[in-house]
Protein chains: 2
Amino acid sequence: MSTPLNASLLRGFSILSLFSDQRNEISVAVVCSELNLNAATAHRFLTTLEEVGVIFSHARGKYSLGLRMSEYGALAQRTSPLVSTVQPVIDRLAMELDEAVMVARAASSGVMCVATAQANRAIAVNVKIGTILDYHATAQGKLWLAHMHAEQRDRKIKQISLKPFNPDTIIDTNNLLAELERVKQQGYATNLGEREPDIAAVAVPVVSKKGELILTLSVFGMRHRFAPDFIDHVRKKLEQAARIIRASYYT
Amino acid sequence: MSTPLNASLLRGFSILSLFSDQRNEISVAVVCSELNLNAATAHRFLTTLEEVGVIFSHARGKYSLGLRMSEYGALAQRTSPLVSTVQPVIDRLAMELDEAVMVARAASSGVMCVATAQANRAIAVNVKIGTILDYHATAQGKLWLAHMHAEQRDRKIKQISLKPFNPDTIIDTNNLLAELERVKQQGYATNLGEREPDIAAVAVPVVSKKGELILTLSVFGMRHRFAPDFIDHVRKKLEQAARIIRASYYT
DNA sequence: GATTTATATCTCATTATATGAGATTTTAAC
DNA sequence: GTTAAAATCTCATATAATGAGATATAAATC
């Protein structure tokens with residue numbers, strides 16, 4: 001059993017996760033309803049986040065992301081080669097392939113999207129950063145399962161519920177294990193409509209020198225685009241991107 | 001008395017504040033010594049920050065700022081007009097005047113530096129973001145005092161200790177009150193070696209429609225540069241910048 | 001390579017902080 | 001101007017956080 005986490009800190013960041021391109025300000029009421037919190041508690045967290053400068057209040061009860069958040073982000077870019085490498089690499093890949101790209105990492109809550117690059121399309125699929133991906137029904141999720149030790153993998157499969165999102169979703173444990181074996185053998189994973197009927201994805205690992213997964217990368221889009229030739233092309237491009245990102249991890 | 005803050009969240013951000021351009025990774029030991037924390041506690045906080053993705057561990061016990069921190073920073077830039085306005089404005093000002101510029105806001109811990117722009121000089125003065133400025137011995141600190149209601153100001157002056165940094169520091173309460181009256185009358189503050197013998201600064205307020213201080217801005221540098229003519233020139237430029245920033249607050 | 005030292009990680013009894021009901025204040029809606 | 005909704009504040013109670021000590025791992029030294 002690993003270190004229990006700090007619930008207040010988790011909650012603080014849950015509040016920060018409510019901000020998005022579509023939501024540039026939040027209120028006590030929004031926090032209460034979205035996170036099922038008491039008003040006094042929500043108010044206390046917002047006031048604390050304001051105190052440290054990552055949000056500010058420009059009108060009573062209305063909060064926006066603040067200057068220090070911007071500075072932390074810029075500092076992350078300046079001080080972490082991995083951080084400064086990932087976005088340009090996935091932006092370029094999205095442009096080259098004309099499909100969306102996503103990066104994910106393992107959190108205790110699941111496989112979490114930590115960076116995305118949009119396709120330059122009028123109608124595009126995207127995933128919101130912070131989203132937790134389904135282990136059994138996404139390309140990246142399957143990659144993470146495939147890289148687990150057998151015991152941990154089996155425990156995780158028991159723990160998750162193999163929701164039948166649609167007829168293509170793998171819901172039988174033996175079928176899932178066989179699929180994970182295939183993923184392991186071929187070194188990449190695909191998702192052909194398993195999570196959403198019309199969405200496909202290809203994912204590859206970014207592996208450490210010790211053979212552990214650091215991150216996973218995927219390209220995803222409308223399923224009809226993902227013919228075998230395109231999948232192979234995408235896989236090669238993703239592996240290339242993975243090599244660049246892996247190198248930045250060790251700078 | 002206002003809302004008590006959440007100590008865990010404050011502590012989490014204190015840990016994040018240990019990162020800097022000079023320190024691109026931190027460890028449990030660094031957190032323990034810098035913040036006077038128990039190792040188990042430090043470890044728990046680092047693990048929690050990693051869980052939310054704002055830091056990551058690329059080697060055992062070594063943490064760097066992570067992808068989600070970068071994304072929060074970018075989101076702040078995209079969603080908050082104030083945030084996206086401030087840095088370009090102060091960068092331009094620093095270039096025009098060839099002196100450093102700083103932005104501060106009020107936190108319960110004091111006047112806190114939240115943005116800076118460096119002078120384009122071989123040898124330059126700068127202040128680290130997050131630094132708490134002395135109320136009685138800095139231009140911005142005096143501005144914040146000058147804008148307080150008399151009762152609150154008197155309470156604050158009693159609370160702070162009027163440290164005699166050097167012979168130019170104002171350490172007598174009556175002299176400080178007289179100085180604050182001057183600051184209020186003229187609408188800007190100066191610091192001529194009060195905090196550091198060779199450093200001078202000019203500060204102006206960014207005031208809300210309701211007359212409350214939102215932020216303060218200052219230009220600072222080597223004292224010999226701050227002749228009366230230069231101070232006046234700087235003041236005008238700062239007031240111009242303040243108008244732009246104020247406008248962005250209401251977008 | 002073996003040993004020692006330092007650092008990181010984990011556990012759980014104890015301690016300290018966080019919570020939220022209810023009251024009050026402020027703002028928005030009518 | 002009145003009412004309703006939202007925000008803010010307080011403090012008794014509940015819950016989570018802490019940190020000593022143990023264990024594991026890595027680094028430093030020989």
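Lettering follows sequence order; numbering is per chain, from 1.
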Exercise. When you check the gap from the basic side-chain N to the acidic O, do B:Glu71 and A:Lys128 get nearer than 4.0 Å?
Worked result: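 Salt bridge flag = no for A:Lys128 with B:Glu71.
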
Kindly point out which of [options] is positioned nearest to the side chain of [X]?
X	options	answer
A:Phe45	C:dT7, C:dT19, C:dT17	C:dT19
A:Thr41	C:dA8, D:dT18, C:dT19	C:dT19
A:Ala7	D:dT10, D:dA6, D:dA16	D:dA16
B:Asn6	D:dA20, C:dA18, D:dT18	C:dA18
A:Tyr63	C:dG20, C:dT7, D:dT8	D:dT8

Spacing between [X] atom [atom1] and [N] atom [atom2], to the nearest angstrom:
X	N	atom1	atom2	answer
B:Arg44	D:dA16	CZ	P	13 Å
B:Lys62	C:dA6	NZ	C1'	12 Å
B:Leu9	C:dA18	CG	P	9 Å
B:Leu35	D:dG19	CG	P	12 Å
A:His43	C:dG20	NE2	P	16 Å
A:Leu5	C:dT9	CG	P	13 Å
A:Leu37	D:dA16	CG	P	13 Å
A:Ile26	D:dA6	CD1	P	16 Å

Exercise. Side-chain donor-acceptor pair under 3.5 Å between A:Gln140 and A:Ser218, yes or no?
Worked result: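 Distance-only check passes for A:Gln140 and A:Ser218.
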
Exercise. Side chains of A:Ser84 and A:Gln77: donor-acceptor distance under 3.5 Å anywhere?
Worked result: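 No, because no side-chain N or O of A:Ser84 sits under 3.5 Å from a partner of the opposite role on A:Gln77.
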
Exercise. What is the nucleic acid contact for A:Ala29, judged by heavy atoms within less than 4.0 Å: base, sugar-phosphate only, or nothing?
Worked result: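 Here A:Ala29 touches the backbone only, sparing every base.
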
For this session: Select base, sugar-phosphate, or nothing to describe what A:Ser27 touches, counting heavy atoms under 4.0 Å on all strands.
Result: sugar-phosphate

Exercise. Which residue, A:Asn38 or A:Arg60, contacts DNA chain C at a nucleotide closer to its 5' end, judged by nearest heavy atom?
Worked result: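 Counting from the 5' end, the first nearest nucleotide belongs to A:Asn38.
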
For this session: Determine: side-chain N/O of A:Arg11 to OP1/OP2 of C:dT19, distance under 4.0 Å, yes or no.
Result: yes

For this session: Could you label the plane-to-plane angle of the A:Tyr72 and B:Phe13 rings as parallel, tilted or perpendicular, counting under 30° as parallel and over 60° as perpendicular?
Result: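 Geometry flag for B:Phe13 against A:Tyr72: tilted rings.
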
For this session: Answer yes if the ring centres of A:His43 and A:Phe45 are under 6.0 angstrom apart, and no otherwise.
Result: no

